[in-house]
Chemist: 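Just passing along the structure, written as structure tokens.
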There are 2 protein chains.
Amino acid sequence: MEEADGVRGRARRAVRAELAELALGLFVERGFDTTTVDDVARVAGLSKRSLFRYFATKEDMVLGVVDVMGEGFAEEVRARPAEETPWDCLRAVLHAWEARIRESTDQLARLRLIESTPTLRARLHQRRDESRRLIADALRERPGSGLDGFTAEFYTAAAGAALDAASSEWLRTGGATDRATLIDRAFTTLRPS
Amino acid sequence: MEEADGVRGRARRAVRAELAELALGLFVERGFDTTTVDDVARVAGLSKRSLFRYFATKEDMVLGVVDVMGEGFAEEVRARPAEETPWDCLRAVLHAWEARIRESTDQLARLRLIESTPTLRARLHQRRDESRRLIADALRERPGSGLDGFTAEFYTAAAGAALDAASSEWLRTGGATDRATLIDRAFTTLRPS
DNA sequence: CCATCCTATGTCACTCAGTGACAATAGTGT
DNA sequence: ACACTATTGTCACTGAGTGACATAGGATGG
């Protein structure tokens, strides 16, 4: 039951990743809504029930990676120098995050699928929502931040808006533009330095 | 089939509103997830099937009003004076919108329910997402806006962030604060005048 | 007043996501 | 070989949502 890293846990995560990749392929090929979980299970060679032991929901098969974001992000916010403004702090962390995300594979196909599937977009937002609280709290609890809950939440949500717009544009250009640069542009739009 | 205002259409909308109110009451009382659609149908005195002829989804019974926002909002954006900056334009329209929303009943209970139910939050974001494109387009197409798609979308998403944070804070204070004021505060936070 | 539409509704059967319970079956350590 | 434990499969179930079809009710034209 413990999430501590045993051989078991690692194997499990490997299987999960494999299944996610397979599912993504199917969804991209046949469409998310028109592909049933049973379809995925059949192709993957296990039962629907077992599949749901790896993923809580169908959407999770696609979102998987994104969902852990919250805690890590909040932690990095806390680690930023105290003299940094909230806005710059968020920009910096988001920037660093982007660099890491770029390494994962299939980002373009995955994002395209998410963008074109309302169900998936909804889930994604739900996830981001849960993270937002965590991040806003981290922002407020920085030494000497002097932020109230409302302002902290707004900053965080605005940063999320930057991420959103950047992802959307990145997708529109077929992955040609640099997401990190776009994010910077968004941040600067509202706070020209 | 036509949505034009006949006697029929008006009656239909009245029934819809009545059902929505009834459903909201049940959801608030028993919880959204733990209340089945059949429950609502039973109390309302019609079949589940008929209920789904008034609402496409269970969530729609709660969100109902919110979803028409998109087009109206976009229209008002187009009607703003051209010399206004995008940011001020959004602020003004959002401000006007708030005044109108305040008139609807049960806002507090409804919002509380939405806030505390992930499924509902997800749907709400989904709706907002659909509106965002419309509004961003309207913003870009204002005479002499000079905005690219990316920037327009970011502005719009950021305005959505302000609305979100304001709603959240408004709820936190039990409806004591003025949402319009909060929105102004958010807008000013990122663009002190 | 009756025949005729048209719409709202009910009924029934179905799909699909997700869950709980329990049995079967690995795999690991001793 | 033996016990222990995690993983999987099976089966039956709930709950949202849909499609097909039958029917009741209310307006309209003759």
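Because the structure is predicted, anything quoted here is derived from the model rather than measured.
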Chemist: Between B/R191 and B/D88, does any side-chain N to carboxylate O distance fall below 4.0 Å?
Modeler: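 No salt bridge links B/R191 with B/D88.
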
Chemist: Could you check how far CZ of B/R123 sits from C1' of D/dA16, rounded to whole Å?
Modeler: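 My rounded result for the distance is 10 Å.
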
Chemist: Can you check whether any acceptor in the base of C/dG10 is under 3.5 Å from a donor in the side chain of B/R53, or vice versa?
Modeler: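 Answer yes: a donor N or O sits under 3.5 Å from an acceptor.
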
Chemist: Touch check for A/T35, heavy atoms < 4.0 angstrom, all strands: base, sugar-phosphate only, or nothing?
Modeler: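 It contacts sugar-phosphate atoms only.
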
Chemist: From the options C/dG18, D/dG17, D/dC11, select the nucleotide whose nearest atom is closest to the side chain of B/T57.
Modeler: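 Closest of the options to the side chain of B/T57: D/dG17.
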
Chemist: Go through A/D148 and B/R185 one step at a time and tell me if the salt bridge (charged side-chain N to carboxylate O under 4.0 Å, His left out) criterion holds.
Modeler: CA-CA 12 Å; A/D148 58 311; B/R185 229 178 94 201; 2.7 Å; yes

Chemist: Tell me whether B/R80 is salt-bridged to B/E141, with the criterion being a basic N under 4.0 Å from an acidic carboxylate O.
Modeler: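 Result for this pair is no, no salt bridge flagged.
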
Chemist: Could you check how far CG of B/D38 sits from C1' of C/dG10, rounded to whole Å?
Modeler: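 In whole Å, C/dG10 C1' and B/D38 CG are 13 Å from each other.
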
Chemist: To the nearest Å, give me how far apart OH (B/Y54) and C1' (C/dG10) are.
Modeler: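 It is 13 Å, rounded to the nearest whole Å.
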
Chemist: Cut-off 3.5 Å, side chains only: do B/S168 and B/R172 have a donor facing an acceptor?
Modeler: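 Distance-only check passes for B/S168 and B/R172.
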
Chemist: Rounding to a whole Å, what distance do you find between B/R13:CZ and C/dT7:P?
Modeler: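 Rounding to the nearest Å, CZ of B/R13 and P of C/dT7 are 17 Å apart.
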
Chemist: Separation of A/F52 atom CZ from D/dT10 atom P, in whole Å?
Modeler: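 So the CZ-P distance, A/F52 to D/dT10, works out to 16 Å.
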
Chemist: Distance check needed: C/dT7 P versus B/R49 CZ, whole Å only.
Modeler: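 These atoms are roughly 17 Å apart.
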
Chemist: Look at the side chain of A/K48 and the base of C/dG18, then say whether one donor and one acceptor between them are separated by less than 3.5 Å.
Modeler: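 A donor-acceptor contact between them is present.
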
Chemist: Pick base, sugar-phosphate or nothing for A/T36, based on heavy-atom distances below 4.0 Å to the nucleic acid.
Modeler: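 Sugar-phosphate, no base atom in range.
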
Chemist: Quickly work out the A/L51 CG to C/dG18 P distance and round it to whole Å.
Modeler: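 Answer to the nearest Å: 10 Å.
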
Chemist: It should be established whether B/S50 places a side-chain nitrogen or oxygen under 4.0 Å from OP1 or OP2 of nucleotide C/dT9.
Modeler: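 B/S50 to C/dT9 OP1/OP2: no side-chain N or O under 4.0 Å.
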
Chemist: Nearest whole angstrom, please: distance from the P of D/dG9 to the CG of A/L46.
Modeler: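 Nearest whole value for this atom pair: 5 Å.
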
Chemist: Want to settle it: does A/A56 or B/V15 sit nearer the 5' end of DNA chain C, counting the closest nucleotide to each?
Modeler: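 First, find each residue's nearest nucleotide; the 5'-ward one identifies B/V15.
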
Chemist: Check this for me, if you would: do A/D39 and A/K48 make a salt bridge, where the nitrogen-to-carboxylate-oxygen distance has to be below 4.0 angstrom?
Modeler: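 A/K48 and A/D39: not salt-bridged.
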
